[in-house]
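Worksheet: the structure to be examined is printed underneath.
Below, all heavy atoms of this structure are taken into account, side chains as well, without hydrogens, waters or symmetry copies.
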2 protein chains.
Amino acid sequence: MTNRRATIADVARVAGVSPSTASVVFSGKTPVSDPTRQRVLDAAASLGYTGPDPRAASLRRGRSGIVAVVVGSSLNFMFLDPVQRLLMDGLAEAVAPLGAGLLLLRRDAGIDSENAPTLTTASIDAAVLIGCDRSLRETLPDVQARGIPIVVVEGDAGDDVPRIALDNREAQRRAAEHLRDLGHTRVAIVTLWQDAAGTRGWIAPDADITIDVTRDRLRGARDVFPDAPAFASAHSSIDDGFAAGRVLFADPQSRPTAVIAQSDLLATGVIRAAEEAGLRVPQDVSVTGFDGIPVDGLAPYELTTLFQPATDKGRAAGAAVAAMLEGQVPASVLLTSTFRPGNTTAPPMAP
Amino acid sequence: MTNRRATIADVARVAGVSPSTASVVFSGKTPVSDPTRQRVLDAAASLGYTGPDPRAASLRRGRSGIVAVVVGSSLNFMFLDPVQRLLMDGLAEAVAPLGAGLLLLRRDAGIDSENAPTLTTASIDAAVLIGCDRSLRETLPDVQARGIPIVVVEGDAGDDVPRIALDNREAQRRAAEHLRDLGHTRVAIVTLWQDAAGTRGWIAPDADITIDVTRDRLRGARDVFPDAPAFASAHSSIDDGFAAGRVLFADPQSRPTAVIAQSDLLATGVIRAAEEAGLRVPQDVSVTGFDGIPVDGLAPYELTTLFQPATDKGRAAGAAVAAMLEGQVPASVLLTSTFRPGNTTAPPMAP
DNA sequence: TTGTACGCGTTATCAT
DNA sequence: ATGATAACGCGTACAA
């Protein structure tokens with residue numbers, strides 16, 4: 001008695017039909033007469049055959065039904081960000097109709113293990129990059145040479161890679177203008193990561209920031225407040241915002257009257273730091289966020305923020321992938337954020 | 001001019017070697033003389049060949065390098081839970097040496113789309129189930145018939161499926177004993193989801209809870225406080241804990257002097273609700289959590305909680321998968337939680 | 001160290 | 001509605 005698993009050929013033999021007919025019974029690509037179908041199904045059942053081997057089907061079809069998502073190194077920090085979570089949901093939803101699932105690939109895999117899977121070694125039909133740094137960009141030509149569609153979200157992967165992006169600069173500028181219109185002049189900025197390492201601290205005025213989101217939002221803020229100091233955090237988290245806020249509010253003399261945070265989580269942390277310093281929000285300090293996501297436990301504040309369609313970003317990435325898989329050349333997508341006033345901004349108090 | 005992609009056979013032909021030699025140059029399974037290797041590499045470069053097609057390699061090897069992770073429906077809510085995030089990190093880390101990546105599969109895919117990928121249609125080497133409900137359990141025999149190893153984390157998928165579990169009941173009992181030893185008698189419980197739908201509300205005394213984590217922790221608490229009322233939330237989130245806390249503290253007369261929350265996030269929400277109700281923690285109300293994860297923005301409280309090795313859960317699942325792929329039969333793993341006293345529990349005030 | 005020969009399991013195409 | 005044929009691209013005994 002052999003242990004070999006039954007194949008569709010075995011099923012066909014037992015059912016007394018050709019392999020192609022048996023195949024069609026499972027794929028449903030072509031009509032099959034009821035009696036024939038039943039014989040094939042019975043044969044399959046008697047052999048314990050439960051359907052085509054996905055690996056063989058994948059080779060034959062030239063499709064694996066897998067879309068890679070290249071994320072930062074730590075899933076823990078990556079998914080700490082609600083925007084990323086919603087993005088993933090939108091993406092999952094958008095690739096499901098393609099019959100595809102999401103394969104998580106870490107950008108710097110290989111530090112863990114020599115043979116960690118990569119964009120070139122995994123059976124993937126397409127790849128979605130969440131952000132894109134230099135080292136990743138260098139591996140892309142190989143992937144593209146294989147004819148694998150690539151889409152990048154919130155990043156720049158070269159001109160031939162379609163982007164799903166946000167109007168980060170314009171949106172952030174709107175928030176800054178709002179503060180300016182309220183009368184603020186002493187404004188500080190709390191930014192997202194300024195580099196892959198997540199170096200915390202004041203950003204040098206002439207710093208060349210390579211993280212697109214961070215840079216673009218920073219530019220938007222400085223379009224209005226050119227000299228506003230900026231403090232970089234490592235992650236988009238309340239704790240990081242809190243730490244940054246403590247620094248900003250350390251000196252009562254020089255403290256800002258308004259803080260532009262590059263994410264809602266950071267803004268929440270800044271608010272906490274303000275409270276700790278005995279400052280009232282918005283009377284003593286105004287705070288703006290970015291993202292427009294519900295922050296767990298932020299009540300009773302309602303953040304003045306920019307709402308971004310995070311789930312739509314994922315959906316757009318999925319749609320772009322779908323289009324490319326059908327041979328089309330999708331254009332980049334620029335999504336827009338909506339300014340949403342809350343109760344965390346107000347005019348500065350008279351000095 | 002044909003558009004066909006170059007194959008390893010083409011490379012071999014151009015290099016003037018046999019296909020097997022060319023193959024070996026890429027796989028490194030067998031030593032190859034330097035001159036030969038160079039010729040192969042040159043030929044590959046000239047043809048734009050960037051390595052073996054993963055799909056074909058996968059069929060030939062019988063391995064795809066993909067481990068499925070079956071998660072709940074919404075990635076957003078799933079990854080809201082820090083425990084799940086750490087679990088995923090541990091899992092990713094543990095499967096990387098296998099050359100495997102993680103394929104996210106949603107439990108109820110198919111509501112989105114007919115042809116969403118499933119455990120049986122995707123090219124996977126193994127599957128890790130995060131929790132397991134009845135409908136999922138019913139699909140497992142098909143998967144097992146294919147010889148695909150399955151591991152379940154925090155759930156019951158049948159006796160032949162190894163489990164990675166926590167000493168939920170014992171651990172929760174320890175927290176309850178702690179409260180009892182402090183002198184508490186009026187204790188309420190805030191639980192995780194009581195069913196797949198996430199029905200919020202008081203749990204009927206005779207309710208038959210099918211979610212293992214929730215049930216086991218509830219039992220642990222009731223081992224000490226048999227009559228403690230329990231309020232179920234939908235997600236492990238601060239907001240859900242806040243909502244539950246509001247209910248618990250609604251009536252000043254009958255309010256509990258201590259609350260056992262089944263997660264740290266829920267506990268945090270309960271604390272916020274207590275503050276809102278004008279209750280001091282721990283003087284007026286004691287609160288215990290579960291998980292031992294850093295809660296973003298919880299400071300200055302330090303939760304009295306049970307620390308669970310979340311990352312290790314993921315690592316253990318990965319190790320079990322690795323063992324099964326090598327033909328071994330891994331035993332189930334029971335991890336233990338550690339009681340960690342904080343500053344959120346104290347004796348009840350004299351009445 | 002290199003080459004030969006074959007099979008992995010399926011499915012698209014075309015003919016009947 | 002069904003069947004014959006031919007790939008899909010690779011890896012690996014085994015022989016030389």
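The existence of a salt bridge linking Arg134(A) and Asp156(A) is excluded, since no basic side-chain nitrogen approaches an acidic carboxylate oxygen closer than 4.0 Å. The pair Asp42(A)-Arg39(A) does not meet the salt-bridge criterion, since no charged nitrogen lies less than 4.0 angstrom from a carboxylate oxygen. Looking at Lys313(B) and Glu154(B), a side-chain N of the basic residue comes within less than 4.0 Å of a carboxylate O on the acidic one, giving a salt bridge.
Of the side-chain N and O atoms in Thr7(A), none sit less than 4.0 angstrom from OP1 or OP2 of dG9(C). Within the structure, every side-chain polar atom (N or O) of Thr30(A) is placed at least 4.0 Å from both OP1 and OP2 of dA1(D). For Thr21(A), a side-chain nitrogen or oxygen approaches OP1 or OP2 of dG3(D) to under 4.0 Å. Side-chain nitrogen and oxygen atoms of Ser23(B) include none within less than 4.0 Å of the OP1 or OP2 phosphate oxygen of dT12(D).
Between the CD1 atom of Ile8(A) and the P atom of dG7(C) there is a distance of 19 Å, rounded to whole Å. One can place CZ of Arg55(A) at 13 Å from C1' of dT10(C), the figure rounded to the nearest angstrom. For Arg13(B) and dT2(C), the CZ to P distance is 19 Å, given to the nearest whole Å. Between Arg146(A) atom CZ and dG9(D) atom P the separation is 12 Å, expressed in whole Å. In this structure, Arg5(A) places its CZ atom 9 Å from P of dG9(C), rounding to the nearest Å. Rounded to whole angstrom, the span from the CZ atom of Arg63(A) across to the P atom of dG9(C) amounts to 24 Å. Across the protein-nucleic acid pair, Asp53(A) atom CG and dG7(C) atom C1' stand 14 Å apart, rounded to whole Å.
Between Arg37(B) and Lys29(A), the residue whose closest nucleotide on DNA chain C is further toward the 5' end is Arg37(B). A residue-by-residue look at Leu59(B) and Arg39(B) shows that Arg39(B) has its nearest nucleotide of DNA chain C further toward the 5' end. Between Gly16(A) and Ala9(B), the residue anchored nearer the 5' end of DNA chain D, judged by the nucleotide with its closest heavy atom, is Gly16(A).
Here the side chains of Pro309(A) and Leu166(A) are in contact, with some heavy-atom distance below 4.5 Å.
For Ser18(B), the listed nucleotide lying nearest its side chain is dG3(C); candidates were dG3(C), dC10(D), dT11(C).
Across all strands, Tyr49(B) comes closer than 4.0 Å only to sugar-phosphate atoms, never to a base (heavy-atom distances). Among the heavy atoms of the strands, none lies under 4.0 Å from Ser27(B). Note on Val17(B): only backbone sugar-phosphate atoms sit closer than 4.0 angstrom, heavy atoms only; bases stay farther off. Using a 4.0 Å heavy-atom distance criterion, Val32(B) is classed as a sugar-phosphate-only contact. If you check every strand for non-hydrogen atoms under 4.0 Å, Arg61(A) touches sugar and phosphate atoms only.
Looking at Arg60(A), its side chain comes within 3.5 Å of the base of dA7(D) through a donor and an acceptor atom. Applying the 3.5 Å distance criterion, the base of dA4(D) shares a donor-acceptor pair with the side chain of Ser20(A).
A donor-acceptor pair under 3.5 Å is absent between the side-chain atoms of Asn76(A) and the main chain of Arg85(B), judged by distance alone.
Summarising the geometry of Gly155(B) relative to Arg163(B), their closest heavy-atom pair is O-CD, 3.5 Å, with the distance given to 0.1 Å.
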